[in-house]
2 protein chains.
Amino acid sequence: MDVEQFRKAGYAAIDRICDYYTTLQSQPVSSSVQPGYLAPLLPTQPPTQGEDFSIIAADYDKYIMPGLTHWQHPSFFAYFPTAASFEGILGDLYATAAPHPGFNWSCSPASTELEAIVMDWAAKLLGLAPAFHNACGTGGGALQTTASDSALVAAVAARERFVSTHSESDAQTPLNSLVIYVTTQTHSLGLKAARVLGLQVRALEVTTEDRYALRGETLRAALEEDLAVGRKPFILMATVGTTSSGAVDNLPEIQAVLADYPEIWLHIDAAWAGIALCCPETRDELYLDAINAAADSFCTNFHKWGLVNFDASTLWVRDRLTLTRALDITPPFLRTAHGDSGAVIDYRNWHLALGRRFRSLKLWFVLRGFGVQGFQAHVRAGIKLNNTFNALLANSEVLQLITPPSLALTVFRAAPKSTPNGRAGAEAEIEKEKDGNELTHLNALNASFFARLARRPDLAITQTVLNGVFCVRFAIGAARTTEAHVRAAFEVIEEEARAVVKEDLEARETATAAVVHV
Amino acid sequence: MDVEQFRKAGYAAIDRICDYYTTLQSQPVSSSVQPGYLAPLLPTQPPTQGEDFSIIAADYDKYIMPGLTHWQHPSFFAYFPTAASFEGILGDLYATAAPHPGFNWSCSPASTELEAIVMDWAAKLLGLAPAFHNACGTGGGALQTTASDSALVAAVAARERFVSTHSESDAQTPLNSLVIYVTTQTHSLGLKAARVLGLQVRALEVTTEDRYALRGETLRAALEEDLAVGRKPFILMATVGTTSSGAVDNLPEIQAVLADYPEIWLHIDAAWAGIALCCPETRDELYLDAINAAADSFCTNFHKWGLVNFDASTLWVRDRLTLTRALDITPPFLRTAHGDSGAVIDYRNWHLALGRRFRSLKLWFVLRGFGVQGFQAHVRAGIKLNNTFNALLANSEVLQLITPPSLALTVFRAAPKSTPNGRAGAEAEIEKEKDGNELTHLNALNASFFARLARRPDLAITQTVLNGVFCVRFAIGAARTTEAHVRAAFEVIEEEARAVVKEDLEARETATAAVVHV
């Protein structure tokens, strides 16, 4: 392909993107293809001779588009938002046009320097303390691919600090004794880090009563128990905004406990909710003060609620030297005071791989394109839409809130009016269900409810299980979602809930009638 | 930014890319900015209000472009090629326009299914055996970000297999006893994997005489030594085409030794050279038969010599279940026969993170755009250009080949005609230098030679040290490099070599004269 052919194909690609976003809301949200749909449609080997791009582009429309789930669809309420913005697309396009592996300063200075600067911009947007800014020279931030990678990087730094601190008294800390702490509500990133590192993991219990947030006393009890038998917890992965329900671990209590265990690294995963910190009114409920005072590392994903196209996970650490010591494979004689002091950052020592893409460019484009007020407006719009959804839910005869809404996330279930626990959604009431068969019954009803929702082409939504309670999650945050989409989604949800509740009542009546007749 | 503003900015971005590649060769290859150049030019925080994209794009030109090193420049001969193609740019653009995190089949079926198909296309392009194809159901391949990530993934799978095999007799294999084997010439990915996993690493010696390739006897001796003292080697990371000199470890010998140690995982890193396997005439020297017979995993980077924009590292494994068992965090009750049999691949269990970009799209675009013949032509052109470079070098009075050229890579140094070892570049001669001061002297001369080359704006080139010998590397493979660029580069190189050799001779004469006069 020569330059003029590329110009033509490039313009066409831009037009295609414009068409995509213009027509997106009239498309089904999810793909309806079946497993294995693609292999029969494509050759089993690459062509011998190169093909014209017009053929390739036509095949994309024919074979790939039908297999895409549209995460940018305004009626996508599943998982978490993976917001795309035009500024983000342009940032990726600029970066991919002149690719380089960015592993150290000299292999492309702009790449390293822009990352250091925009990570500070992002830190300021979220209210992170100067200790986490690159400009301070002791802490700093770097882009990672995902929150899983960020958590793994944090765990490696934590293990290094723990092992090196303890090696004075104990020549070799047995790796088999190390334990990663998460909670039962922590994202799979905790288990994955443990799998990758081959270490033990302990999931601390959280309760319905505490709204699935980790409490200080649970942490202290676990620490005392583990330390007494020689297990060595070295990192706690706490969450600000869990995947299932948006729970926020009680960071002030955790901070107080960890003050007695300074060797334990506190990593905060705020993959989704962290972006909300751009709005000062959220900072108390998300415990920003405790994050700033006590976190060793903090991660949020701009590729979730943060308008930057996947992938753009931001990780900050309080002590960059601990991180770079853990990941640096530069022999000692090549280390420089320059590098250690941060005059020149070599980002290869801040992540798992060697090479890295020029992702700071899209973050820069998006931060500039939206500005602080644009970010705030985006987050506030999501929260407001969720309030609308919750107002509708409060009046429903067949839907029940499971735990108070968290920012732009709501967790609920279908429940008939006759259910003893009523509409309040009080956690204590739900706990009571567990004593009898009622919970089992309602879980089955909700599995059926969710199966109906999953078949709907006009919205996407996900399920979860909260301490044994089968629930449905409604996550707002796609860039193009409006009140009309939320209201339309609610109607679909309520319609399906009515259907399962009606079926359920009829089945119960039939069963009762059968008993009477026998 | 609305759709029409995006269309305008998108067209402009495409035009900018066309201009970039049209004018690239008239630009300096490397950036001349100084560390810290960017911070004074940009604000210290994001703007309060969003900015128009025309301002952002203008700032990109003003502040970012001067800080880029142009890896796509036809006179870029440093590190390894990071080839970009227009098809690759389009693939990234299509993918970034509809971003989704691709962690399992259902979150975007096309993403998973295309990856499985094009990984098989790529395997066939390179001549990998059916055992590595996804279609076979037992082995298969997945895209990773980099060769470092691929090596880390392989090490995790290897550790899992080793530990689970040995846990029957030994309830807990002490992780502290595990050892990763690399050679002194293995890319830093080996050390990095060991750092991340917190495990020991042993770098086996290779000799100048063996052209820096690992021999079977060295491996066997190390294994016997380690096993005798309770250390547990569990993976060997062998290389096909080392970074420094393109050395190819002696895989047939390694295969023979490892036949006696079946618990040891053989990972082949062919990050750069692996792409050359698309040309059947390279397959003997790159030991394809041994790879197909004995490798547990094999990695090459299509983002190096393979025309796909960074990042696109391809990793294949012989036993997918070992890999997914090692990385799977799905609870047992959620595992399905479907998933295990490969009817549905969940790629989240094939890499470190959870989410992943839709990178198979650009690999598909590039494989189709070039075809098998296009790939072969690209690789052969690089090898031919390197032969041209070597023919020029053979006639030089001031340049000396250090080891026979490897594909499109040449390692050489400046050496005056009077140097006793002559022009032949015989490894034995270089070994002799080590007995006296000659090597120290020549190393200093070459450090000065390289410093001169590094200051040149008209080419980029990198240094290395091969068993104590300071060398310069010349790596061909950028998509737009022609014979004229190689000849021009040779002239620059020879000119600088003449200058340092002349200075050196004058200094020696002055010293001799001083001795005579004293």
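So you know, we letter chains A, B, ... as the sequences are listed, proteins then strands, and number each from 1.
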Checklist entry - At a heavy-atom separation under 4.5 Å, does Thr48(B) approach chain A through its side chain, its backbone, both, or neither? => result both
Checklist entry - Who are the ring-ring contact (aromatic ring centres under 6.0 Å, His included) partners of Tyr37(A), not counting sequence neighbours? => result none
Checklist entry - Picking from Val118(A), Asp52(A), Asp2(A), Leu114(A), which has the most non-hydrogen pairs under 4.5 angstrom with chain B? => result Leu114(A)
Checklist entry - Which bit of Ser85(A) is near chain B, if near means a heavy-atom gap under 4.5 Å: side chain, backbone, both or neither? => result neither
Item to check | Under 4.5 Å from a heavy atom of chain B, the part of Pro66(A) involved | outcome: neither
Checklist entry - Looking at Leu191(A), Ile117(A), Thr82(A), Asp149(A), which has the largest count of heavy-atom pairs under 4.5 Å with chain B? => result Ile117(A)
Checklist outcome for this item: Applying a strict 4.5 Å limit to non-hydrogen atoms, the region of Leu42(B) in contact with chain A is side chain
Checklist entry - Quick one: what part of Phe103(B) sits under 4.5 Å from any heavy atom of chain A, side chain, backbone, both or neither? => result side chain
Next on the checklist: I'd like to verify something: which residue of Ala78(B), Ala39(B), Pro101(B) has the highest number of heavy-atom pairs under 4.5 Å with chain A?
Outcome noted: Pro101(B)
Checklist entry - Under a 4.5 Å heavy-atom cut-off, does chain A meet the side chain of Tyr11(B), its backbone, both or neither? => result both
Next on the checklist: Distance check, rounded to the nearest 0.5 Å: Arg195(B) atom CZ versus Arg159(A) atom CZ?
Outcome noted: 8.0 Å
Item to check | Toward chain A, the part of Glu160(B) with a non-hydrogen atom under 4.5 Å | outcome: side chain
Next on the checklist: Heavy-atom cut-off 4.5 Å, strictly under: side chain, backbone, both or neither for Lys124(B) against chain A?
Outcome noted: side chain
Checklist entry - Can you say whether Ser106(B) sits under 4.5 Å from chain A via the side chain, the backbone, both, or neither, judging by heavy atoms? => result both
Checklist entry - For the candidates Ala460(B), Ala84(B), Gly198(B), Ser177(B), which exhibits the highest count of non-hydrogen atom pairs separated by less than 4.5 Å from chain A? => result Gly198(B)
Item to check | Part of His70(A) within contact of chain B (heavy atom distance under 4.5 Å) | outcome: neither
Item to check | Salt-bridge contact Asp59(A)-Arg368(B) (side-chain N to carboxylate O under 4.0 Å) | outcome: yes
Checklist entry - With respect to chain A, which residue among Val196(B), Val156(B), Leu367(B) yields the maximal number of heavy-atom pairs within a distance under 4.5 Å? => result Val196(B)
Checklist entry - In terms of heavy-atom proximity below 4.5 Å to chain A, should Leu361(B) be classed as side chain, backbone, both, or neither? => result side chain
Checklist entry - Taking the six-membered ring for Trp, are Phe86(A) and Tyr21(A) ring centroids under 6.0 Å apart? => result yes
Next on the checklist: Quick check for you: among Thr44(B), Leu24(B), Asp120(B), which has the greatest number of heavy-atom pairs under 4.5 Å with chain A?
Outcome noted: Thr44(B)
Next on the checklist: Regarding Arg357(A) and Asp92(A), does a basic nitrogen lie under 4.0 Å from an acidic carboxylate oxygen?
Outcome noted: yes
Item to check | Lys/Arg N to Asp/Glu carboxylate O, Arg356(A) vs Asp311(B), below 4.0 Å | outcome: no
Checklist entry - Where does the angle between the aromatic ring planes of Tyr94(B) and Phe365(B) fall among parallel (under 30°), tilted (30 to 60°) and perpendicular (over 60°)? => result perpendicular
Checklist entry - Among side-chain atoms of Tyr60(A) and Arg16(A), is any donor-acceptor pair under 3.5 angstrom? => result no
Checklist entry - With respect to chain A, which residue among Ser111(B), Pro43(B), Ser188(B) yields the maximal number of heavy-atom pairs within a distance under 4.5 Å? => result Pro43(B)
Next on the checklist: What part of Ser31(A) gets within 4.5 angstrom of chain B, counting heavy atoms only: side chain, backbone, both, or neither?
Outcome noted: side chain
Next on the checklist: Whether the Ser150(B) and Ser313(B) side chains hold a donor-acceptor pair (N or O, under 3.5 Å, no angle test) is what I'd like checked.
Outcome noted: yes
Next on the checklist: Shorter than 4.5 Å, heavy atoms on both sides: which option in Val372(B), Ile17(B), Ile14(B) has the most such pairs with chain A?
Outcome noted: Ile14(B)
Checklist entry - Given a strict heavy-atom distance threshold of 4.5 Å, which part of His303(B) is in contact with chain A: side chain, backbone, both, or neither? => result neither
Item to check | Which atoms of Phe310(B) approach chain A - backbone, side chain, both or neither, heavy atom under 4.5 Å | outcome: both
Checklist outcome for this item: Turns out that what part of Thr146(B) lies under 4.5 Å from chain A's heavy atoms comes down to side chain
